[in-house]
2 protein chains.
Amino acid sequence: MDLRKLRYFSVLAEEKHFGRAAQRLSLSQPPLSLAIRQLEEEIGARLFERTSRNVSLTAAGLALQREAEVLLRRTEETRLLVKAIAEGKEGRLRLGFGSSMLYRGFPKILDAFQAASPDIELSVQELNSTEQIEALQRDEIDLGFIHGREVPSRLEGFRYHAEPFVACVPRDHPCAGTRSLRLSRLKDDEFVLFSRNVSPDYYQSIIATCLSAGFSPRVRHQVRHWLSVVSFVANGLGVALVPSTLKASNMAGAVFVSIREAKILSETWCVWKAGGPQRPALDTLIQAARKQSLAMN
Amino acid sequence: MDLRKLRYFSVLAEEKHFGRAAQRLSLSQPPLSLAIRQLEEEIGARLFERTSRNVSLTAAGLALQREAEVLLRRTEETRLLVKAIAEGKEGRLRLGFGSSMLYRGFPKILDAFQAASPDIELSVQELNSTEQIEALQRDEIDLGFIHGREVPSRLEGFRYHAEPFVACVPRDHPCAGTRSLRLSRLKDDEFVLFSRNVSPDYYQSIIATCLSAGFSPRVRHQVRHWLSVVSFVANGLGVALVPSTLKASNMAGAVFVSIREAKILSETWCVWKAGGPQRPALDTLIQAARKQSLAMN
DNA sequence: GAGATTGATATATCTTTCATATCGATGATC
DNA sequence: GATCATCGATATGAAAGATATATCAATCTC
């Protein structure tokens, strides 16, 4: 049961045809038949049902198909990883982050990691959630911090942070003095929203939240940074729903009021690619993120 | 880069000696040297530093050592899994659980899973947390529900449930009428405790909780089931700290009073072995457990 | 500096893998 | 329903790969 036979098996499992599979493997058909028969003997299980007219996977074969792909992919990733280490290219971890992470302990994670692993170079790039997911799957970054409600498929991760949305209103707004408000009191205000292109999840969940409170928000301004949102509000250009962290921005003219409706959360997830080779440096970084996550909750 | 070479590499990486490694592999030394050299060429990286006197791993070799072991182990597990499926032995999932799970949605998980996968046979066995962890590592069970504060090493899992401890006192106890109490008010009572052998974690955390409240509990009775704990209390044999679920036991004579001290939690974790082959039936079961977990929190 | 130990090299033997040629079974076609 | 085409299995010799024995060069021990 070596990788050669698993590779043959994997192609045959896709093609379900000895001739075509052999062709794809640059091989003639007899050795493929032989290899599959040997594989079946080594495992002690029939993997394909063949008639002289038809080839199909057995239940055991189906299970092996899933596993063979994992094993083959991971083997190849291991080769690349080991080669990269030998060439000194693995002393580097690439992080993706949205700008909102700057208010959520991102610098502390970097500091903690650099203190623990001073030899590893960190390179960070600002990407929105969608871009980060794509970058992870293309192996262009090693770790990301995204917004959403769950770990996207093919990734691993944990919920890094969750905080309630609060209303952000100008100082002279009727609600500015209250401790908390129902969302419906903002139904006639103009909303400053985080740009849909930059973070569809934020945009989506704010709209959905207003809808479930019984009104459709009047959207006037769309901006690209949270501080800009607060700044717009402070200048009387509208109201907004923002993660409560933004209270710390201390901008004159903007007042933060908590929302009666429970459980409206802004969630940040720390994610990385699933099923790859072990990477101690990445593990250390994830550990630093977990620690920071605990410190904030 | 086939499994044969990885196996050779793995042994050599342990022995750090071509002669001994070859012997362990039932091999003469030259083919081992050749295989390692070929592996290094295929990967494009030097894996060992050799002098004529000494063999040691390079950084790249160290990374490959970790990965090679994973790949070899997983390959073998895959063989066993596929064989088991072919022999019809995989239509079975073995669960471990502590008796307290009976009050925590365990029957519902079983029902939900059986409804979704009627062909899979479930076999359950009652084991304490320590036994379950060992059974998982020996592949004797597939999924367990244990008490603790985290996922034990070499396992994967999630926090299935967390609930506060409450005080359980007899009807005629001075505190029976109050809505909540400070632990120190129980410092002169006798305690009924869950047996230390059965669940060290429970025993431990109750003792620790009392200690941090400033007293050492007087332990008189140790019993092996939560309902026995409540029953003892109902009969005036002492007081106890129990997970709040036990309120539902509705036993006459026992009164439940919540505790002022915050954050004393009884945590249940759902765990399984990490890094094994993919198993759809197990995934479905885990999914059912997650769903039940959400329904209870 | 003699002897022992270690990993590398050389070469012959054996095993594995492969391609060509062919067979037997099955289903489509007329 | 006989003929033909297609598919996977089998047979066989050739090429490639893996192994064992014998030997070498370097290095350490005493």
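Any value given below was found using the heavy atoms of this structure, including those in side chains, with hydrogens, waters and symmetry copies removed. Convention: sequence-line order gives letters A, B, ...; per-chain numbering from 1.
Residues of residues 30-37 of chain B having a heavy atom closer than 4.0 Å to DNA chain C, listed by number: Pro30(B), Ser33(B), Arg37(B).
We find that CD of Gln38(A) is positioned 12 Å from C1' of dC18(C), with the value rounded to whole Å. At whole-Å resolution of the value, CG in Leu25(A) and P in dT17(C) are 14 Å apart. Straight-line distance from the CG atom of Leu3(B) to the P atom of dA18(D): 13 Å, rounded to whole Å. Atom CZ of Arg46(A) and atom P of dG8(D) are 13 Å apart (whole Å). Atom pair Phe48(A):CZ and dC7(D):P shows a separation of 16 Å (rounding to whole Å applied). When the P atom of dC18(C) is taken as reference, atom CD of Gln23(A) falls 16 Å away, rounded to whole Å. In this structure, the CG atom of Leu27(B) is 14 Å from the C1' atom of dG7(C), given to the nearest Å. One atom, CD of Glu15(A), and another, P of dC7(D), lie 12 Å apart when rounded to the nearest Å.
Distances from the side chain of Gln29(B) to the nucleotides dT19(D), dG7(C), dC18(C) place dG7(C) closest.
Note on Arg73(A) versus Glu77(A): salt bridge recorded, some NZ/NE/NH1/NH2 to OD/OE distance being below 4.0 Å. Using a 4.0 Å cut-off between charged nitrogen and carboxylate oxygen, Glu42(B) and Arg79(A) do not count as a salt-bridge pair. By the 4.0 Å N-to-carboxylate-O rule, Glu87(A) lies close enough to Lys83(A) to be salt-bridged with it.
Within 6.0 Å of CZ in Arg154(A) there are 12 or fewer heavy atoms belonging to other residues, nucleotides or ligands.
For Arg196(A), there are no salt bridge (charged side-chain N to carboxylate O under 4.0 Å, His left out) partners at least two apart in sequence or on another chain.
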Every protein N/O lying under 3.5 Å from an N/O of nucleotides 27-30 of chain D:
residue, atom, partner, partner atom, Å
dT27(D), O4', Ser52(B), OG, 2.8
dT27(D), O2, Arg53(B), NH1, 3.3
dC28(D), O4', Arg53(B), NE, 3.4

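An OP1 or OP2 oxygen of dA8(C) is reached within less than 4.0 angstrom by a side-chain nitrogen or oxygen of Arg50(B). Put simply, His17(B) has no side-chain N or O that comes within less than 4.0 Å of OP1 or OP2 on dT5(C). Residue Arg20(A) places none of its side-chain N or O atoms closer than 4.0 Å to OP1 or OP2 of dG8(D). Proximity of Arg4(B) to the phosphate of dT19(D): a side-chain N or O atom is located under 4.0 Å from OP1 or OP2.
Here the rule is salt bridge (charged side-chain N to carboxylate O under 4.0 Å, His left out) with Asp139(B), and of Arg94(B), Lys273(B), Arg279(B) only Lys273(B) fits it.
A donor-acceptor pair is defined here as one N or O able to donate and one able to accept, closer than 3.5 Å; such a pair exists between the side chain of Trp269(B) and the backbone of Gly148(B).
Taking the ring axis of Phe158(B) as reference, the NZ or CZ atom of Arg290(B) stays within 45° of it and closer than 6.0 Å to the ring centre.
Tyr8(B) comes within 4.0 angstrom of sugar-phosphate atoms only, judged by non-hydrogen atoms across all strands, and of no base.
Aromatic pair Phe97(A)/Phe145(A): centroids not less than 6.0 angstrom apart.
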